[in-house]
Protein chains: 2
Amino acid sequence: MISAIQMEALLKYMSSHIQLSPEEEAFLLSKVFVRKYLKGQYIVQQGDVCKYECFVLSGCTKMFYVDDEGQEHIIMFSIEDWWTSDMGSFITQTPADFNIQCLENTVLVMFSYDVIEELYANIPKLERFFRQIIERAFVASQKRIVRNFALTAKDRYLYFRKQYPKIEQRIPQYMIASYLGITKEFLSKVKSQLILEQ
Amino acid sequence: MISAIQMEALLKYMSSHIQLSPEEEAFLLSKVFVRKYLKGQYIVQQGDVCKYECFVLSGCTKMFYVDDEGQEHIIMFSIEDWWTSDMGSFITQTPADFNIQCLENTVLVMFSYDVIEELYANIPKLERFFRQIIERAFVASQKRIVRNFALTAKDRYLYFRKQYPKIEQRIPQYMIASYLGITKEFLSKVKSQLILEQ
DNA sequence: AAATAAGGTTAATCTAGTTTAACATTTACT
DNA sequence: AGTAAATGTTAAACTAGATTAACCTTATTT
């Protein structure tokens with residue numbers, strides 16, 4: 001279900017945030033499993049219930065919403081050592097508003113709803129850990145709302161490039177445009193202006 | 001520090017989400033205090049450390065960011081039975097990016113950083129409760145990002161009006177415009193178009 | 001009741017970003 | 001290597017929403 005190398009990667013991530021006893025680590029590992037997806041495959045589709053919170057061991061995903069006009073709006077990317085799920089769907093176990101799709105071949109550790117609840121019940125430290133992760137994600141989300149209001153497209157792009165240099169390398173430009181809330185054509189224009197400036 | 005009526009209001013809210021024993025309730029109440037603010041007063045100012053998570057017993061607040069041009073961007077409003085704090089500042093105990101100001105005379109139950117930690121340590125149910133609150137806030141924040149991308153100003157306004165009819169009544173229109181990410185002039189135009197339509 | 005301040009409206013002008021469409025470049029596949 | 005598909009660029013025409021500025025309406029204060 002989960003190889004020694006994968007276990008190690010997950011525990012290494014965990015231990016950089018909380019200290020688990022060997023028993024707690026073993027308990028955690030006994031409850032989760034690993035799943036591999038190919039580039040292009042969907043982890044969650046709009047309308048399905050999101051059954052897992054997924055920890056990314058390797059690869060890259062995008063979470064996005066498709067609006068009434070069929071336009072895609074990218075909410076977030078996830079790479080190694082980050083999480084992905086439609087949390088709204090997961091916590092209520094109702095149909096998802098968002099899609100999650102792999103932009104590369106991707107390996108995930110899958111935490112089901114019941115497993116998460118069991119882990120919270122048995123290892124209070126883990127509930128604390130997840131609370132803190134979500135707190136940070138919420139803060140980041142609020143700050144993104146403000147940036148979208150207060151900054152121009154150019155400054156949002158510069159911020160993204162500075163904040164997520166690793167992600168920019170791996171992802172087609174038209175998806176970055178979608179994440180920034182602008183068209184690919186306009187991002188292209190912004191980039192050519194930036195080149196002229198320096 | 002906290003009156004019987006105020007205690008009752010806080011416990012009523014709590015009990016609609018979690019079940020606390022009388023001892024746990026008493027412990028909680030012994031750790032918090034109530035503070036009253038007048039209309040216009042600041043609970044948190046950009047640059048200060050946010051020392052409390054505040055539960056709103058009565059009144060109304062706005063949280064906002066002031067950008068380099070001096071423009072105000074409203075992130076959220078809080079009314080009765082909701083929480084307010086600059087969570088980014090609170091969880092790291094570093095200077096706040098945002099301001100929180102009272103739009104009416106406001107009565108708050110104040111949870112300091114140390115008290116929150118103590119409550120988490122002594123009442124695991126409370127940590128669970130706060131985790132769930134933040135999960136929901138995060139989901140709402142992500143959905144707001146998507147709405148800001150996918151909807152026109154008019155549709156964002158209609159959504160706001162439908163979702164928060166009570167808040168709309170209490171708040172000047174120019175602040176709703178700021179929350180929606182548009183100018184007061186444009187919101188005025190949107191509203192007059194809506195009147196013509198029906 | 002007048003005066004002031006705070007909030008809201010209207011309209012003309014302007015601009016950041018969109019749309020459309022044609023073309024260029026890179027990547028992946030046989 | 002050659003072709004198709006995916007990604008990126010450029011430029012002209014357009015639009016949602018911003019800006020400016022003048023005016024109107026409603027509360028609040030004296």
Side-chain angles (χ1 to χ4, degrees), chain A residues 38-41 60 62 64 66-74 77 101-105 145-161 167-197, chain B residues 38-41 60 62 64 66-74 77 101-105 145-161 167-197:
Chain A
L38 296 175
K39 179 175 174 172
Q41 285 187 318
C60 180
K62 66 171 174 180
F64 62 101
V66 179
D67 70 21
D68 300 339
E69 275 90 51
Q71 261 218 288
E72 226 179 90
H73 301 276
I74 296 181
F77 301 109
Q101 191 182 16
C102 297
L103 302 178
E104 305 172 358
N105 295 344
I145 289 175
V146 173
R147 282 197 304 275
N148 288 344
F149 286 157
L151 300 184
T152 62
K154 180 174 153 189
D155 288 339
R156 271 179 278 151
Y157 170 62
L158 288 172
Y159 180 88
F160 175 81
R161 206 164 70 167
I167 294 183
E168 202 198 355
Q169 309 310 314
R170 289 162 77 162
I171 284 171
Q173 198 169 301
Y174 71 90
M175 291 190 192
I176 292 169
S178 172
Y179 176 85
L180 296 173
I182 58 177
T183 59
K184 59 187 167 51
E185 291 86 355
F186 192 63
L187 179 54
S188 188
K189 199 171 171 180
V190 163
K191 286 184 81 167
S192 63
Q193 277 172 1
L194 283 171
I195 289 163
L196 288 178
E197 276 172 25
Chain B
L38 295 176
K39 179 174 175 174
Q41 286 187 318
C60 180
K62 66 171 174 180
F64 62 101
V66 179
D67 70 19
D68 299 339
E69 276 91 50
Q71 261 218 287
E72 226 181 89
H73 301 277
I74 295 180
F77 301 108
Q101 190 181 16
C102 297
L103 302 177
E104 302 172 359
N105 295 344
I145 288 175
V146 172
R147 283 196 305 276
N148 288 343
F149 285 157
L151 301 183
T152 62
K154 180 175 153 186
D155 288 338
R156 272 179 277 151
Y157 170 63
L158 288 172
Y159 180 87
F160 176 80
R161 207 164 70 167
I167 294 184
E168 202 198 355
Q169 308 311 313
R170 290 162 75 161
I171 284 171
Q173 198 169 297
Y174 71 89
M175 291 189 192
I176 293 170
S178 171
Y179 176 86
L180 296 173
I182 58 178
T183 59
K184 59 188 168 53
E185 290 86 356
F186 193 63
L187 179 54
S188 187
K189 197 171 172 180
V190 164
K191 286 185 82 168
S192 65
Q193 277 172 0
L194 284 170
I195 289 165
L196 288 178
E197 276 171 25

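FYI, side chains are in, hydrogens and waters are out, and symmetry mates aren't considered; it's all heavy atoms of this structure. Nothing here was measured: the structure is a model prediction, and the numbers come from that model.
If you measure from atom CD1 of Ile182(B) to atom P of dT15(D), you get 20 Å, rounded to the nearest angstrom. At whole-Å resolution of the value, CD in Glu69(A) and C1' in dT18(C) are 13 Å apart. Between the C1' atom of dT15(D) and the NZ atom of Lys189(B) lies a distance of 10 Å, rounded to the nearest Å. Straight-line distance from the CG atom of Leu187(A) to the C1' atom of dT19(C): 16 Å, rounded to whole Å. Rounded to whole angstrom, the span from the CG atom of Leu180(A) across to the P atom of dA16(C) amounts to 17 Å. The interatomic distance linking Leu151(B) (CG) with dG17(D) (P) rounds to 10 Å, in whole Å. Atom NZ of Lys184(A) and atom P of dA22(C) are 14 Å apart (whole Å). One can place CD of Gln193(A) at 13 Å from C1' of dA11(D), the figure rounded to the nearest angstrom.
Considering only heavy atoms from C-beta on, Leu194(B) comes within 4.5 Å of Leu158(B) through its side chain. By the 4.5 Å heavy-atom criterion applied to side chains, Asn148(B) and Phe149(A) are counted as neighbours.
Sequence order on DNA chain D of the closest nucleotides to Gln71(B) and Ile171(A) puts Ile171(A) first from the 5' end. Comparing Ser192(B) and Met175(B), the nucleotide of DNA chain C nearest to each residue sits closer to the 5' end for Met175(B).
The side chain of Gln173(B) contributes no N or O atom lying less than 4.0 Å from OP1 or OP2 of dA6(C). In this model, the phosphate group of dA16(D) is not approached by any side-chain N or O of Arg156(B) to a distance below 4.0 Å at OP1 or OP2. Considering only side-chain N and O atoms, Thr183(A) lies under 4.0 angstrom from the phosphate OP1 or OP2 of dT18(C).
Between the side chain of Asn105(B) and the backbone N or O of Leu38(B) there is no donor-acceptor pair closer than 3.5 Å. Within the 3.5 Å criterion, the main-chain N or O of Gly40(B) finds a donor-acceptor partner in the side chain of Gln101(B).
Proximity note for Ala153(A) (side chain, C-beta onward) versus dG8(C), dG17(C), dA11(C): the nearest is dG17(C). Comparing dG17(C), dT10(D), dA16(D) by their nearest atom to the side chain of Phe186(B) picks out dA16(D).
None of Glu168(A), Lys184(A), Lys191(A) except one satisfies the side-chain hydrogen bond (donor to acceptor under 3.5 Å, both in side chains) rule with Gln173(A); the exception is Lys191(A).
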